[in-house]
Amino acid sequence: MIQFQSVTFAYEGEPRSVLKGATFAVAPGEHVVLSGPNGCGKTTLLKHLNALLIPTTGEISIDGLNTRDRRHAPEIRRRVGMVFQNPDRQIVGMTVEEDVAFGPGNLGLPAADIRRRVDAALAAVDLDALRQRSPQALSGGEKRLLAIAGVLAMEPRYLALDEPTAYLDPVGRRRVLDVLDRLQREGIAIVHVTHDLDALLNADRLLSLDGGVIRHDGPPRAILKEPGAWSGLGLETPPVARLLERLRQDGVDLPADVLTVEEAARALQGLLAGRDAGGRTEGGPP
Ligand SMILES: Nc1ncnc2c1ncn2[C@@H]1O[C@H](COP(=O)(O)OP(=O)(O)OP(=O)(O)O)[C@@H](O)[C@H]1O
Ligand SMILES: [Mg+2]
């Protein structure tokens, strides 16, 4: 369990607190997304998960280990794998394989164990075929996957990722999200900073941060339905939701909670089926 208790944080020499009393928990196996406008403190919060930053006041524990105690840092970093915003900064090996082996190598494990972990991590992100390639010769999407493989080789219980789909094309983005799904099914808890709608809707819980304060903590869909939720998260309302809202304002009987193209298609088909069955009457499908 990851536990944040009344965490505040100010960078050294800065008068202003970036985190202002964050309290929440992440259970093993859970998938939590963290969202909010630029500069609201998401990256700062994430860095607290593996003791890269220590709260100014308040407490954080990872499976009972308080991050304030420096002796716990190696064990905390083994339990919480961190994938940063810029994957280039995490690359250390001359080949993909060597890069993934770096972390387990530092644990002083026997060579056979390191090999097993490297194989498993590369398979988990589908990079087996590129194991001899130089990391510098990978695409942006492949570098993200390599960074994920590098932390998976540490066999973490929790994975913290800072906007892992930013700057990726739709295929690269889907690949990363699929990998995260698979890892969660295998029991790894995920804390994922994102502005990606699919990623938000797919999570168990959405934590929204606003000026260093947690504004929402709950099921993503329920939060996104609240008035003003999109702008509060630093997001644009998806065009399909705007379209249906516009039609509703024009008097078309459509549900108010449509967020995706799939849902919009179902709502419109329902409306058309209702019209076919009942002639041009008011009201929509049952
Ligand atoms: N090393 C630092 N020293 C001082 N202030 C910092 C430092 N890093 C970040 N900040 C400030 O802390 C605040 C929160 O930054 P943070 O990077 O956590 O935001 P964020 O939500 O991740 O933003 P983004 O969406 O742009 O990535 C910002 O006002 C930023 O300027
Ligand atoms: Mg950030």
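Remember, it's 1-based here, ligands and their atoms both numbered in the order they're listed.
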- At what distance is the nearest protein heavy atom to atom 3 (N) of ligand 1, and which residue and atom is it? Y11 CG, 3.5 Å
- Under a 4.0 Å N-O cut-off, is there an ion pair linking R221 with E263? yes
- Query: Considering only heavy atoms from C-beta outward, does the side chain of I2 approach that of E30 to under 4.5 Å?
  - Reply: no
- Message: Can you tell me if Y11 has over 12 outside heavy atoms packed within less than 6.0 Å of its OH?
- Response: yes
- Kindly check if the number of other-residue, nucleotide or ligand heavy atoms within 6.0 Å of CD (E245) is above 12? yes
- Validation row: R215, E226 side chains within 4.5 angstrom (heavy atoms): no
- Message: Regarding R174 and D178, does a basic nitrogen lie under 4.0 Å from an acidic carboxylate oxygen?
- Response: yes
- Near the Mg ion (ligand 2), which protein N/O/S atoms are found at less than 2.8 Å? T43 OG1
- V18 N/O to ligand 1 N/O under 3.5 Å: no
- Message: Are more than 12 heavy atoms, taken from residues, nucleotides or ligands other than E262, located less than 6.0 Å from that residue's CD atom?
- Response: no
- Query: How far is atom 27 (O) of ligand 1 from its nearest protein heavy atom, and which residue and atom is that?
  - Reply: Q85 NE2, 3.8 Å
- Before signing off on this row, confirm whether H195 and ligand 1 have an N or O atom pair separated by under 3.5 Å. no
Side-chain donor-acceptor pairs under 3.5 Å in residues 122-129, sequence neighbours left out?
none

- Message: Please check whether G36 reaches ligand 1 - meaning an N/O of the residue sits under 3.5 Å from an N/O of the ligand, judged on distance alone.
- Response: no
- Message: Considering non-hydrogen atoms of the protein only, which is the closest contact for atom 28 (C) of ligand 1, and what is the distance?
- Response: G39 O, 3.8 Å
- Task: Please check if a non-hydrogen protein atom sits closer than 4.0 Å to atom 13 (C) of ligand 1.
- Result: yes
- Query: What's the shortest distance from atom 25 (O) of ligand 1 to any protein heavy atom, and which residue and atom give it?
  - Reply: K42 NZ, 2.7 Å
- Query: Same cluster or not: are L183 and L46 linked, directly or through other Ile, Leu, Val, Met, Phe, Trp or Tyr residues, by side-chain heavy atoms under 4.5 angstrom apart?
  - Reply: no
- Message: Please work out, at 4.0 Å between heavy atoms, whether the side chain, the backbone, both, or neither of R16 comes within that distance of ligand 1.
- Response: side chain
- Under 4.0 angstrom from atom 31 (O) of ligand 1, is there any protein heavy atom? no
- Establish, from distance only, whether the side-chain atoms of T57 and T8 form a donor-acceptor pair under 3.5 Å. yes
- Message: What protein heavy atom lies closest to atom 17 (O) of ligand 1? Include the residue and the distance to one decimal.
- Response: T43 CB, 3.7 Å
- Message: For atom 26 (O) of ligand 1, what's the nearest protein heavy-atom neighbour? Residue, atom name and distance, please.
- Response: N38 ND2, 3.3 Å
- Taking atom types as modelled, is there a side-chain donor on Y158 or D63 under 3.5 Å from an acceptor on the other? yes
- So, for A27 and M1, which heavy atoms are closest and what is the spacing to 0.1 Å? CA-SD, 3.7 Å
- Note on the structure: heavy-atom search around atom 18 (O) of ligand 1 in the protein gives T44 OG1, 2.5 Å
